[in-house]
Number of protein chains: 2
Amino acid sequence: MQQTLITITNASTILKLLGDKTRLTMVKILDSHDCCVCEFVEMFKTSQPAISQHLRKLKDLGIVKEMRRGQWIIYSLNKESEYYPLVQNILQHLPNQDFKLKELEEQGLRISCE
Amino acid sequence: MQQTLITITNASTILKLLGDKTRLTMVKILDSHDCCVCEFVEMFKTSQPAISQHLRKLKDLGIVKEMRRGQWIIYSLNKESEYYPLVQNILQHLPNQDFKLKELEEQGLRISCE
DNA sequence: TAAACATATAACAATTTACTTATATAATAA
DNA sequence: TTATTATATAAGTAAATTGTTATATGTTTA
């Protein structure tokens with residue numbers, strides 16, 4: 001009961017958005033590392049438009065933000081979001097997904113390293 | 001990182017389930033009071049089968065449990081669920097919904113009072 | 001400037017979801 | 001034991017969701 005409250009309507013929208021395995025995994029990964037679109041495409045073995053559409057939904061609700069770096073667009077968690085505390089609380093129940101980034105690095109496909 | 005981890009697959013299923021305004025409100029109410037089906041029907045101004053189907057989904061995943069009392073079936077949060085800690089963490093971001101029960105009481109429609 | 005690369009958007013199809021109405025089941029009351 | 005009340009289930013439908021392919025946009029490199 002400590003943090004700011006979120007309306008039930010807004011919370012259900014957020015939860016529905018996170019209630020997709022691909023998006024939830026994306027957000028968990030972004031919690032520890034920024035990523036660009038093509039990295040997600042590699043990780044999830046799915047089409048680039050599919051990934052792009054997932055990211056757009058997350059961006060529309062302000063959960064992630066983007067930043068262009070040359071030809072790449074780097075996505076990151078938006079820590080200023082009013083939903084960030086809720087998202088954080090959810091993510092802490094999930095196992096770390098760093099192995100997915102490790103796999104990318106081993107294939108030499110990691111881009112947005114900082 | 002303290003509590004038991006939940007697989008991303010299971011977590012996304014739970015979040016999708018809670019990503020519905022009616023179900024999320026139900027769970028928030030059940031967090032403080034047990035309720036029977038007909039009370040939810042009154043609260044949400046929707047059909048009895050619709051409510052029944054929402055409750056079944058929540059029950060199928062073990063988030064709520066039921067207990068017959070005469071002709072009524074009383075639903076409550078299943079605190080033994082492996083998902084209970086996650087659900088609790090989510091619910092604490094939501095405003096209290098006790099006013100909905102108050103409205104029922106004022107109409108004399110509260111059943112499962114204990 | 002043209003080709004290549006990274007990403008976004010549009011249009012569409014398949015699937016899933018959340019209602020509805022009708023009906024079945026179970027308990028209680030008359 | 002019949003009527004009533006509470007709940008569940010089945011079947012059908014409309015809307016939402018998620019993927020696909022095709023194409024557009026913007027950046028870099030040759």
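Proteins come first, then strands; the chains are lettered A, B, ... in the order of their sequence lines, and each starts at number 1.
One distance of note links CG of B:Asp34 with CD1 of B:Ile74; it measures 7.0 Å at 0.5 Å rounding. Taking OH of A:Tyr84 as the reference point, atom CG of A:Leu77 lies at 6.0 Å (rounded to 0.5 Å). Summarising the geometry, atom OG1 belonging to B:Thr13 is positioned 6.5 Å from atom NZ belonging to B:Lys16; distances are rounded to the nearest 0.5 Å.
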Quick test: give all pairs of protein nitrogen or oxygen and nucleotides 1-3 of chain D nitrogen or oxygen below 3.5 Å, distance rounded to 0.1 Å.
none

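A:Lys16 comes within contact range of the sugar-phosphate backbone alone, with a heavy-atom separation under 4.0 Å but no base atom that close. Among the protein residues, B:Phe44 comes within range of no part of the nucleic acid, since none of its heavy atoms lies under 4.0 Å from any strand. Nucleic acid contact for B:Phe40: none, since no nucleic acid atom lies under 4.0 Å from a heavy atom of the residue.
Take A:Ser52 and apply the side-chain contact (heavy atoms from CB on, under 4.5 Å) test, not counting sequence neighbours, and it matches A:Gln48. Evaluation of the side-chain hydrogen bond (donor to acceptor under 3.5 Å, both in side chains) rule for A:Thr7 yields A:Asn10 as partners, not counting sequence neighbours. For A:Lys59, the salt bridge (Lys or Arg N to Asp or Glu O under 4.0 Å) criterion is met by A:Glu66, not counting sequence neighbours. With sequence neighbours excluded, the residues forming a salt bridge (Lys or Arg N to Asp or Glu O under 4.0 Å) with A:Arg56 are A:Asp60, listed by chain and number.
Residue pairs meeting the salt bridge (Lys or Arg N to Asp or Glu O under 4.0 Å) criterion with at least one partner in residues 17-27 of chain B, sequence neighbours excluded, do not occur; the list is empty. Contacts classified as salt bridge (Lys or Arg N to Asp or Glu O under 4.0 Å) and involving residues 96-106 of chain A (residues at least two apart or in different chains) are given here: A:Glu105-A:Arg110. Residue pairs satisfying the salt bridge (Lys or Arg N to Asp or Glu O under 4.0 Å) criterion with at least one member in residues 70-90 of chain A, sequence neighbours excluded, are listed as follows: A:Lys65-A:Glu80.
Chain B approaches DNA chain C within less than 4.0 angstrom (heavy atoms of the protein), and the contacting nucleotides run 5' to 3' from C:dT17 to C:dT28.
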Can you give one letter per nucleotide of nucleotides 23-30 of chain D, 5' to 3': B if a protein heavy atom sits under 4.0 Å from the base, S if only from the sugar-phosphate, - if neither?
----SS--

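The nearest whole Å value for the distance from the CG atom in B:Asp20 to the P atom in D:dT17 is 11 Å.
Five base pairs at each end of the helix from C:dT1-D:dA30 to C:dA30-D:dT1 define two local axes, and these are offset by 10° (rounded to 10°).
Within a heavy-atom distance below 4.0 Å of DNA chain C, the residues of residues 50-59 of chain B found are B:Ala50, B:Gln53, B:His54, B:Lys57.
Under a 3.5 Å cut-off, the side chain of B:Arg68 and the backbone N or O of B:Gly70 do form a donor-acceptor pair. A donor-acceptor pair under 3.5 Å is formed between the side chain of A:Lys28 and the backbone N or O of A:Leu94. Between the A:Gln71 side chain and the A:Arg69 main chain, no donor and acceptor come within less than 3.5 Å of each other. Panel note: side chain A:Glu39, backbone A:Cys36; a donor-acceptor pair is recorded below 3.5 Å.
Residues B:Ile63 and B:Leu30 are not in side-chain contact: their nearest non-hydrogen atoms beyond the backbone lie 4.5 Å or more apart.
An OP1 or OP2 oxygen of D:dA22 is reached within less than 4.0 angstrom by no side-chain nitrogen or oxygen of A:Ser47.
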